[in-house]
Structure formats: C-alpha cells, structure tokens
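Reviewing the structure listed below.
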Amino acid sequence: MENRAQFGSRAGFIFAAVGSAIGLGNIWRFPAVAYDNGGGAFFLPYLFALLTAGIPLLILEFAIGHKYRGSAPLSLTRVRKGGEWIGWWQIGISFVIATYYSVIIAWALSYTYFSFNLNWGSDTTNFLIADYLKVGDTASMGSFVPGVLIPLILVWVIVLGILFAGVKKGIEAATKIMIPLLVVLFLVIVIRALTLDGAVEGLNQFFKPDWSTIANGKVWVAAYGQIFFSLSIGFAIMITYSSYLPKKSDITNSAFITGFANSGFELLAGFGVFAALGFMAAQQGVGVNEVVQGGVLLAFSVFPTIINELPGFQQVFGVLFFVSLTLAGLTSLISIVETYMAGIQEKFNVSRAKAVTFGGGLTAIVSLVFATQNGLNLLDVADYFINQFGVAMAGLFEVIFIAWFAKQLKPLQSHADSVSDIRLGAWWRISLSVITPLVLGYMMFDNLRQNLVGDYGGGDYPREFLFKYGWTVALGAMFFGILMSLKQWKGHDLSYKS
Ligand code: LEU
C-alpha cells in the first residue's frame with residue numbers, strides 16, 4: 001500500500017475542488033462569453049453542455065482519481081495500458097495555462113495596489129496598455145516590465161509555498177480560508193452593483209435572448225469550452241485532487257455540489273458584471289452594448305472606469321474587486337500546478353519538495369516571458385490556442401479512451417455507486433459514451449477547419465507569431481504527452497489494486 005497524501009475530510013476536498021473551478025474563468029470570461037453568444041439564448045447550450053458533459057465528466061474524473069489513486073498519467077495507466085500519454089498531455093496543457101494564468105493574477109495584485117489611489121486615471125485603457133503593461137509590437141519581446149515582474153514573483157512565492165506545505169496543510173488549509181472569503185467579498189460587490197442606477201438595464205441586456213445564434217456551431221463550441229475550462233475538467237486537475245480523497249467518500253454528490261457551486265458563482269458574476277455595465281452605460285448615456293468588453297479589457301479597463309464613476313467608496317470597491325480576482329485566481333492556479341507536482345513525484349519517485357522546486361520553479365521561470373512588453377499578445381494567443389486545441393480536446397480523448405477503448409464506464413459507475421448516495425443511471429453512460437463524443441467530436445473537427453481557413457485575430461497577428469506561440473504551444477502539449485509516456489516509471493506499481 002502506497003502512502004498517499006490525503007485531504008483531511010470530504011469538506012476539505014470540496015473546498016479545494018470548488019476553489020479550482022471558481023476562477024478567473026467565472027468572473028472575467030463567463031459574462032462576456034455569454035453575452036457574445038446570444039445572451040439569454042446562450043443558457044441553452046450552456047445547460048446542455050453542463051448536464052451532458054460537464055457534470056458527467058466531473059463524476060468520471062472523481063471516480064478515476066478516487067479508484068486508481070494516482071496523478072492523471074498514473075491513474076490512466078492503471079485504467080488501461082496506453083492511457084498514460086493522455087494524462088501527460090493534460091498535464092502539458094496545465095503547464096501552459098499555469099504560465100499565463102499566474103500573470104493575470106499578478107496584474108490583479110498590481111491593480112489591488114492601484115485601487116488605493118485610483119492610479120489608473122480617467123483613460124483606463126491607455127493606462128493598462130501603455131503605462132502598466134508597456135505593450136510593444138509582436139516583432140520582439142522587448143524588455144521585462146517591472147510592474148508585472150514583481151507581483152508575479154509574489155504570486156509564485158505564495159503558490160509554491162502552499163504546494164510545498166502539502167495537500168492537507170497547504171492546499172486544503174489555504175482553500176478553506178480563501179473560498180469563503182472570496183464568496184463574502186464578491187457578494188458585497190454584486191449587491192452593490194445591483195443597487196446602482198442602470199443596473200436593471202444591464203441585466204436586461206444580459207438576459208435578452210438572441211435565438212438567431214443558436215444554430216451556429218461557434219456558440220456551442222463556446223459553451224463547451226466555457227464548461228470545460230470553468231469546471232477544470234479535461235486537464236488532469238480533478239483526477240489529481242480526487243486521488244487524495246479519503247477512501248470512503250461520496251463522489252457523485254461531491255461532483256454535483258462542485259458543478260452547481262461553480263455555475264452558481266458564474267451566474268452571480270454575470271449579474272454583478274452586467275449590473276455594473278448597465279450603470280456605466282447610464283452614466284455615459286450610451287447603450288450597454290457599447291461598453292461591454294470581454295477578457296483582459298473587462299477586468300482591467302472597464303472595471304476601473306466603473307470604479308471611477310461609483311458615487312462613493314471607490315477605493316474600497318476597487319480593492320474588493322481585485323482582491324476577489326486574486327483569490328479566485330490563486331485557488332485555481334494551485335490546482336493547475338498540483339497536477340504535475342503529483343505526476344513528477346510519481347514518475348521520478350522524488351519528494352514533494354523536489355517536485356515543487358523543479359516543476360514549480362520551471363513554470364515560474366517560463367511565466368516570465370509574459371512579464372515582457374510582448375506579454376499581452378503572447379498571452380492572448382497562447383490562451384486562445386490552448387483552449388481551442390487543448391482543454392476540451394484532451395477531455396474528448398479521455399472520454400473516448402475510457403468509454404470506447406478501455407470500456408470502463410460500467411466498472412467506474414459501480415465504483416462511484418459503491419461510495420455515493422446518488423446512483424448513476426444510464427444517462428451518465430449515454431452522455432459520456434455517445435452524446436459527448438459525437439457533439440464534441442464534430443465541434444472539434446469544425447473548429448479546426450475554421451481555424452485553418454481563417455487566422456485567429458483576423459490579421460491582427462502575423463502568421464509566424466500564431467504558428468510559434470499558438471499552434472506550436474497547443475501541439476507541443478500533446479507531443480510532450482507522448483514523449484513522457486515513453487519514459488519508464490521509477491519504482492511505481494502500475495497495476496490497480498482495490
Ligand atoms: N476553472 C478555472 C477558472 O474558471 C480555470 C482552470 C484553468 C483552473 O478560472
């Protein structure tokens with residue numbers, strides 16, 4: 001029997017899993033994705049993806065980790081020989097995400113500091129691009145930007161410190177404090193936003209359904225992409241976390257709690273963001289559609305503008321918002337990096353301390369490229385490609401491997417049922433073996449075709465740049481997976497023992 005680290009309780013595990021799921025994706029990605037893809041109408045593909053792919057896959061990953069008790073590559077090897085490379089591929093994806101996700105948290109830390117004096121002034125976009133990030137052109141890296149570099153180092157000290165402390169004393173202890181704190185802070189912001197002038201108009205815009213988009217494949221890709229990224233499924237995280245569950249812990253119920261907590265928070269963020277946008281539009285006397293932005297600009301340009309226009313307590317709400325982003329990001333980053341802390345320890349038979357030093361250290365070093373003047377462009381491209389050709393795609397391979405090749409859905413269902421209150425029915429197996437592979441498979445194929453026909457960014461980025469930092473990065477993760485699986489395990493028992 002291997003001496004495996006464990007969470008202290010099931011509640012500790014749920015905090016960690018929810019902490020992973022709730023992240024930057026919920027606050028800055030979801031509201032804009034929903035709005036861009038049909039507003040109220042987006043909830044149909046979103047709910048479909050959540051119920052037929054998101055929660056079923058979460059249950060599947062919890063069951064795999066809990067049963068096979070290993071990192072993603074070790075667990076998938078134990079499911080059936082030949083699965084290992086998918087686990088390493090997923091870890092490769094996590095590595096890429098960690099390198100830039102950490103940088104966004106660093107920005108949030110800087111902006112927490114800026115909030116005290118509202119340093120961003122009235123032209124918040126110019127402040128972000130020119131003064132803070134000092135964005136250059138794509139031709140060269142330019143130099144390091146100290147304003148990003150310093151908080152980035154701080155982010156890594158915190159995250160690696162927590163990982164160093166271990167599963168129970170580090171991950172569990174930290175998320176148990178950070179997640180409740182995040183929920184409280186965020187609720188304060190949302191309540192304030194909902195009571196601002198113009199809030200109702202913002203919400204109307206958000207929920208107004210545009211059904212004309214519903215038949216468009218892109219909307220469905222967006223829904224699946226959002227669910228996978230937001231629930232942290234398909235890239236090794238949930239398998240790793242559930243491998244630390246105490247033996248007799250409920251799986252299915254935990255997956256429902258995690259899934260609904262994540263979507264609940266996402267919806268809350270949608271309310272908060274659109275109420276605030278409605279307020280901003282009313283202040284400026286323009287339509288909500290003219291102020292809505294996604295991603296980087298939403299959090300770091302539009303929100304500072306909203307904060308400027310608040311009738312009072314601007315600094316307080318600035319700090320609350322950026323601390324929320326920081327907390328949400330940190331608990332997710334911890335889970336991303338833990339995937340390869342587990343993998344490295346097992347594959348090379350080294351201690352956690354060594355894995356954190358070398359694996360974590362390497363990520364921290366690579367993340368520095370995003371602290372250069374070219375950081376914003378690199379981040380945009382890397383994020384797009386790893387999401388389009390990594391996240392959901394690795395999830396698809398995982399499902400096909402388990403359901404079709406290893407034929408392990410029934411045994412995994414019995415495993416989940418043996419420890420859970422809720423019994424899984426045929427819907428679970430049908431979702432995973434038929435619906436998800438068909439819908440997701442078609443979408444991936446069509447998405448690949450569209451990306452080959454037209455370049456991402458519609459000409460904003462030179463082809464060579466997209467090739468180097470987009471395609472190579474996404475395919476590199478897959479190649480890394482294959483390469484790692486060729487290496488022998490050092491002193492680990494690859495067989496499954498119940
Ligand atoms: N689920 C996280 C989020 O929504 C991201 C993931 C990469 C850990 O931000």
Side-chain angles (χ1 to χ4, degrees), residues 14-34 46 49-50 53-55 57-58 61 72 90-105 107-108 155 159 162-163 171 174-175 178-179 182-183 186 222-242 255 258-270 273 294-296 298-299 324-342 363 367 379 382-388 390-395 473-474 477:
I14 292 179
F15 271 116
V18 170
S20 171
I22 295 180
L24 303 173
N26 301 58
I27 302 177
W28 77 336
R29 203 190 281 266
F30 173 75
V33 169
Y46 178 87
L50 177 69
I55 290 184
L57 236 120
L58 194 58
E61 296 202 340
Q90 298 189 338
I91 283 185
I93 294 169
S94 279
F95 177 86
V96 172
I97 297 179
T99 58
Y100 70 81
Y101 203 89
S102 52
V103 179
I104 306 171
I105 305 172
W107 298 347
V155 167
V159 168
I162 292 171
L163 290 174
I171 300 174
T175 44
M178 287 158 115
I179 287 300
L182 167 67
V183 172
F186 204 69
Y224 273 79
Q226 177 63 27
I227 290 289
F228 275 75
F229 186 85
S230 184
L231 265 183
S232 305
I233 46 178
F235 41 110
I237 293 177
M238 293 304 189
I239 295 183
T240 312
Y241 268 9
S242 54
T258 310
F260 289 135
N262 183 59
S263 287
F265 196 92
E266 211 143 65
L267 201 59
L268 196 68
V273 165
V296 175
L298 174 67
S324 297
L325 263 189
T326 307
L327 288 173
L330 281 175
T331 52
S332 297
L333 182 58
I334 290 168
S335 72
I336 309 174
V337 182
E338 178 59 22
T339 60
Y340 45 102
M341 297 303 97
T363 329
S367 74
L379 192 151
D383 178 53
Y384 176 82
F385 277 88
I386 206 70
N387 269 293
Q388 298 287 319
V391 175
M393 200 154 149
V473 167

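Order of listing sets the numbers, starting from 1, for every ligand and every atom in it.
Atoms of ligand 1 lying under 4.0 Å from at least one heavy atom of Ser230, given by number and element, are 1 (N), 4 (O). Heavy-atom proximity to Tyr101, at under 4.0 Å, picks out these atoms of ligand 1: 2 (C), 3 (C), 5 (C), 9 (O). Residue contact check: Asn26 has heavy atoms under 4.0 Å from atoms 4 (O) of ligand 1. For ligand 1, the atoms lying closer than 4.0 Å to a non-hydrogen atom of Ser332 are 2 (C), 8 (C). Proximity to Ile336 (heavy-atom distance under 4.0 Å) selects the following atoms of ligand 1: 7 (C), 8 (C).
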Should Tyr101 and Ser332 be marked as a side-chain contact (heavy atoms from CB on, under 4.5 Å) after you check the CA-CA gap, both sets of side-chain angles, and the distance that decides it? CA-CA 9 Å; Tyr101 203 89; Ser332 297; 3.4 Å; yes

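Of the possible donor and acceptor atoms, none in the side chain of Asp383 sits under 3.5 Å from a partner among the backbone N and O of Leu379. Side chain of Ser20 to backbone of Ser335: no donor-acceptor contact under 3.5 angstrom is found. The main-chain N or O of Ser367 is never found under 3.5 Å from a side-chain atom of Thr99 such that the two would form a donor-acceptor pair.
Counting heavy atoms from C-beta on, the side chains of Arg29 and Leu24 never come closer than 4.5 Å. Side-chain contact between Thr331 and Ile22 is absent, with no heavy-atom pair separated by less than 4.5 Å. Counting heavy atoms from C-beta on, the side chains of Thr339 and Tyr241 never come closer than 4.5 Å.
Using a 4.0 angstrom heavy-atom cutoff, Ile237 counts as in contact with ligand 1.
Residue-to-ligand polar distances place Leu24 within reach of ligand 1: an N/O pair is separated by less than 3.5 Å. The N/O atoms of Ser335, backbone and side chain alike, include none that comes under 3.5 Å of an N/O atom in ligand 1.
Between the side chains of Tyr340 and Thr363, at least one donor N or O lies within less than 3.5 Å of an accepting N or O.
Protein heavy atom at the shortest distance from atom 1 (N) of ligand 1 is Phe229 O, 2.8 Å. Protein heavy atom nearest atom 8 (C) of ligand 1, with residue, atom name and distance: Ser232 OG, 3.4 Å.
Taking all heavy atoms of Ser20, Ser94, Ala21 into account, the minimum distance to atom 4 (O) of ligand 1 is reached by Ala21.
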